[in-house]
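Here's the structure, in structure tokens; my notes come after.
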Amino acid sequence: MTLYITSLVFFLFINGTLQVKNRSSKVADRCFCKLNGEIDDCSCKVETLSVLNNNKIYPRIKSLLSRNYFRYFKVNLKKKCPFWHDDSRCALKDCHVDTCKEEEIPSAIKKGSSAYRYSEEAQKEESCAEEKELSALNTTISDESIQAFKDWKEHDESQDLFCDIDDESSADSEYVDLLLNPERYTGYKGESPHRIWRSIYQENCFKPQTEYIYGPSKSSSPLCLEKRAFHRLISGLHTSINIHLCADYLYQENLGYGMKAHWKPNVAEFQKRFDPQTSNGEGPQRLKNLFFTYLVELRAIAKAAPYLQEEDFFTADSDEDKDVRQGIDDLLNIISTFPDHFDESKLFAGNPNEAKLLKDEFRNHFRNVSRIMDCVGCDKCKLWGKLQTQGMGTALKILFSGDDIGPDSTVNAQQKKHFQLTRSEIVTLFNAFGRLSKSIHSLEMFKSLLSKS
Ligand SMILES: *[C@@H]1O[C@H](CO)[C@@H](O)[C@H](O)[C@H]1NC(C)=O
Ligand SMILES: *[C@@H]1O[C@H](CO)[C@@H](O)[C@H](O)[C@H]1NC(C)=O
Ligand SMILES: *[C@@H]1O[C@H](CO)[C@@H](O)[C@H](O)[C@H]1NC(C)=O
């Protein structure tokens, strides 16, 4: 972090104020150069979508997500990583013992003795302790909510649901209050998160070559529409997560008696990730992929509208439930006025046998991506990673389940199963979409910060 700040200051110093203004606005142009015109493989324009999102959708979804129905997410964060051992910098093997030791050190010694403070061990210990603190979840849930969850459970069990994602019923699944645990920069960095993304891209994105890249490659042989879509979806999610980390970046303030963490936008970090000059030319495409992912989830919500309009959004508080239903109706109305929805019927439209194989492959790859999320070495990052991949999974389920979705629809005519969504699927779908909506909203902020910094 210091490095970016230093280089920014250096940049300002070298170039002088007048030129910097010019250079900076060019940075904004460079980062956002692709953010106009049509979104690849779709007929709608980035500008139209930005305006719709920032003016109409974002304020509504933000308000909905603060409601009890959407703020509590039941998740199992204790699932073992099926692919490798936890290698995060502050994983048990590196840090646990140290942390215990640290607690035993009198605070006077910890802070007072410069010999201790400047030893490498001590610094590592301190930064691990800090990383652990920042990535820890606040699992506080009010007694009232705990009582309400019992009613939720009773209600949900009476709903005759047929699918169970992330073994919601497992004893290890717990409700987490999403408002108490916002997605933001936690200090989780280094090899562990790189490995997560590398695995997702390399092994699960139908990449024709092995090189680790972010957006659709320019050099590789062309991928079919479906594989391109898959790749773009993942890249859009990655972009969105990075925008949140840049928008809520960690800064430490020295209060004299200790450090206080606070979070605010980090323009240099944003530029580093999205300026073509520092991102191997790929930054603008990454931003465009965010719009693609947004369009896909927007379409899923639009398609599920007949189903969602029948949903009671039960929280055992009838006034609250009524408000939420009104908020949902309002949002669905806005979404239905959007003329250029993503057209999922173009996917898997070829020869039926090939399409089926492709669909299975698509599903398996996606399932694997969601399992990789169990390998994330920071609880808060894992929480949001799981939530967003589950939400995307729900969107794909809605788009590719087959029949029309409504009270009388059947997913599979032979099995006579009605289309259904669990509470968790609805919660993750809206929260995942809300994250994308927030990212697009944040782009305006970065654009103006970049052009006037
Ligand atoms: C930007 O640079 C151009 C010349 O390259 C100059 O004419 C213009 O006044 C500069 N604008 C600002 C706002 O500094
Ligand atoms: C968790 O959140 C509650 C409610 O905001 C707050 O009172 C509590 O201090 C928090 N706990 C931690 C460990 O931050
Ligand atoms: C799933 O991902 C893991 C880890 O990246 C990889 O080893 C495995 O081959 C993948 N399996 C499938 C079916 O994609």
Side-chain angles (χ1 to χ4, degrees), residues 1 61-78 86 88-92 94-107 110-111 124-152 172-189 193 241 244-245 247-266 315-317 320 323-324 376-388 423-424 427-428 430-431 434-435 438:
M1 187 181 89
I61 188 99
K62 185 167 178 240
S63 149
L64 276 171
L65 295 180
S66 70
R67 299 309 193 123
N68 285 347
Y69 185 89
F70 291 107
R71 73 185 278 188
Y72 296 109
F73 170 45
K74 197 171 186 190
V75 61
N76 181 359
L77 294 172
K78 299 198 182 118
D86 181 4
S88 62
R89 198 165 62 94
C90 296
L92 288 181
D94 294 332
C95 225
H96 189 233
V97 182
D98 289 353
T99 313
C100 290
K101 254 198 286 173
E102 204 202 7
E103 279 161 11
E104 289 159 14
I105 300 167
S107 56
K110 254 194 296 183
K111 299 223 167 68
K124 186 174 167 240
E125 224 169 72
E126 228 172 69
S127 91
C128 261
E130 177 191 284
E131 182 177 326
K132 282 198 149 182
E133 187 186 319
L134 292 169
S135 64
L137 289 174
N138 183 339
T139 50
T140 311
I141 301 270
S142 69
D143 292 346
E144 215 176 292
S145 301
I146 291 170
Q147 190 51 46
F149 296 152
K150 290 185 186 144
D151 295 337
W152 295 13
D172 283 336
S173 292
E174 281 176 308
Y175 278 104
V176 179
D177 182 342
L178 297 171
L179 296 186
L180 270 189
N181 296 286
E183 184 186 21
R184 63 188 177 193
Y185 190 84
T186 62
Y188 178 54
K189 56 177 183 266
I241 290 176
H244 299 142
L245 304 188
D248 277 309
Y249 201 86
L250 172 67
Y251 288 87
Q252 297 283 9
E253 188 187 0
N254 195 338
L255 299 174
Y257 52 87
M259 304 297 270
K260 186 170 179 283
H262 60 112
W263 283 264
K264 61 178 190 185
N266 182 336
T315 63
D317 172 343
E320 163 104 2
D323 279 356
V324 170
V376 173
C378 136
D379 272 354
K380 207 176 266 177
C381 320
K382 189 193 282 187
L383 167 73
W384 286 100
K386 287 184 75 122
L387 181 141
Q388 291 175 86
R423 175 189 296 270
S424 184
V427 168
T428 55
F430 279 85
N431 271 290
R435 296 275 78 206
K438 170 93 191 292

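All values below come from the heavy atoms of this structure, side chains included, with hydrogens, waters and symmetry mates left out. Remember, it's 1-based here, ligands and their atoms both numbered in the order they're listed. Here the structure is a predicted model, which is why all the values come from computation and not from measurement.
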Test salt bridge (Lys or Arg N to Asp or Glu O under 4.0 Å) applied to D379 - qualifying residues, sequence neighbours left out: none

Side chain to side chain donor-acceptor pair (under 3.5 Å) involving N181 - partner list, sequence neighbours excluded: none

What pairs of donor and acceptor atoms, side-chain ones from residues 61-68 against any protein atom, are under 3.5 angstrom apart with sequence neighbours left out?
| residue | atom | partner | partner atom | Å |
| --- | --- | --- | --- | --- |
| S66 | OG | S63 | O | 2.7 |
| R67 | NH1 | E320 | OE1 | 3.3 |

Ion pair R435/E183, N-O distance below 4.0 Å: yes

Cation over ring face, K264 and Y251, 6.0 Å, 45°: yes

Any V324 side-chain heavy atom under 4.5 Å of F70 side chain: yes

First-shell residues of ligand 2 [heavy atom, distance under 4.0 Å]: N138, T140, L180

